[in-house]
Amino acid sequence: MAKHTLHIDTQLVQALKRGEAEALDALYDKYWEHLLAISYKFLKDKDHAEEVVQEVFISLWRRKDQLQIDNLPNYLATAVKFSTFRFLQSAKRRKEIEEAVYINEFVKADDKIEAKFLKEYVDGLVEELPTKCKLVFRLSRDEQMTNREISEELSISKKAVEWHITNALKAIRKGLKYFKIILF
């Protein structure tokens, strides 16, 4: 690299440290194309590469007071490469999260459909129960009544309530064995 270029770069960095915005403009005009090419080489997307280069220059301006640059072209190229890799890492993580959310939503939707189908199947099994057994089971499960409350409501013993619920559950379990076969 020519001594003249190094001298100009050193002067621009010193002017940047003093807060002269024109120095940042001059550095941007001088290096943006080369830095864009570096970022584009990895990203293969011009808009994202431009975004990375912009961020590097914004960071350069924000940290102008702490700058200690010996070789400006190398410093900028390294900063762009680092920012590009950070961008790729962030994009990869974002994609993983989006896929996880999509799969989770898909599974939730699938679970809802399956749960609805199962509920309808169980409701069908309950409908096939004898009238008294069906009534006791529905009061127990749908109305959340206790065995004592059901026995008082229907004027039957607590043992009879327990017997009806037990028979209903046996019939449902037996029907669900068939449901598992259908499911698989």
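Excluded from the calculations below are hydrogen atoms, water molecules and symmetry mates; all remaining heavy atoms, backbone and side chain alike, are included.
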Please check if the side chain of Glu33 supplies one atom and the backbone of Lys30 the other of a donor-acceptor pair under 3.5 Å. no

What residues, two or more places apart in sequence or in another chain, satisfy side chain to side chain contact (heavy atoms under 4.5 Å, CB included) together with Gln54? Tyr28

Once rounded to the nearest 0.5 Å, what's the spacing between atom CZ of Arg93 and atom OG of Ser90? 10.0 Å

Residue list, side chain to side chain contact (heavy atoms under 4.5 Å, CB included) with Ala79, at least two apart or on another chain: Val56

Could you pull out every donor-acceptor pair under 3.5 Å between side chains of residues 152-172 and any protein atom, sequence neighbours left out?
residue	atom	partner	partner atom	Å
Glu152	OE2	Arg148	NH1	3.2
Ser157	OG	Ala160	N	3.1
Thr166	OG1	Glu162	O	2.8

Applying side chain to side chain donor-acceptor pair (under 3.5 Å), can you list everything that pairs with Lys119, at least two apart in sequence or on another chain? Asp123

Taking atom CG of Asp47 and atom OH of Tyr40, what is their separation to the nearest 0.5 Å? 10.5 Å

Scanning both residues in full, the closest heavy-atom pair of Asp9 with Pro73 reads OD2-CD, 3.8 Å

Looking at residues at least two apart in the chain, or sitting in another chain, which of them share a side chain to side chain contact (heavy atoms under 4.5 Å, CB included) with Arg138? Val126, Glu127, Lys134, Asp142

Identify each donor-acceptor pair in which a side-chain atom of residues 13-24 lies under 3.5 Å from a protein atom, sequence neighbours left out, and give them as a table.
residue	atom	partner	partner atom	Å
Lys17	NZ	Leu67	O	2.8
Arg18	NE	Glu20	OE2	3.0
Arg18	NH2	Glu20	OE2	3.3

Is there a donor-acceptor pair closer than 3.5 Å between any side-chain N or O of Glu143 and the backbone N or O of Ser140? no

Under the salt bridge (Lys or Arg N to Asp or Glu O under 4.0 Å) test, residues paired with Glu128 that sit two or more places apart: none

If Ile, Leu, Val, Met, Phe, Trp and Tyr residues are connected whenever their side-chain heavy atoms lie under 4.5 Å apart, and connections chain through other members, are Phe85 and Leu36 in the same group? yes

Other residues, nucleotides and ligands only: do more than 12 of their heavy atoms fall within 6.0 Å of CD on Gln68? no

Going by the rule ring-ring contact (aromatic ring centres under 6.0 Å, His included), which residues pair with Phe87 if we only count those two or more places apart in sequence or in a different chain? His48

Side chains of Tyr121 and Leu176: does their closest heavy-atom pair fall under 4.5 Å? yes

Going by heavy atoms in the side chains, are Leu135 and Ile150 under 4.5 Å from each other? no

Provide the full list of side chain to side chain donor-acceptor pair (under 3.5 Å) pairs with a residue in residues 75-85, sequence neighbours left out, each pair given once. Ser39-Thr84, Arg63-Tyr75

Using the side chain to side chain contact (heavy atoms under 4.5 Å, CB included) rule, take Leu76 and Leu60 through it: C-alpha gap first, then chi angles, then the decisive distance, then the call. CA-CA 9 Å; Leu76 292 173; Leu60 191 65; 4.1 Å; yes

Please determine whether residues Trp32 and Leu35 belong to a single hydrophobic cluster, defined as Ile, Leu, Val, Met, Phe, Trp and Tyr linked transitively by side-chain heavy-atom distances below 4.5 Å. yes

Report the residues that fulfil side chain to side chain contact (heavy atoms under 4.5 Å, CB included) with Phe82, sequence neighbours left out, ordered by chain and then residue number. Arg86

For Arg94, all residues meeting salt bridge (Lys or Arg N to Asp or Glu O under 4.0 Å), sequence neighbours excluded: none

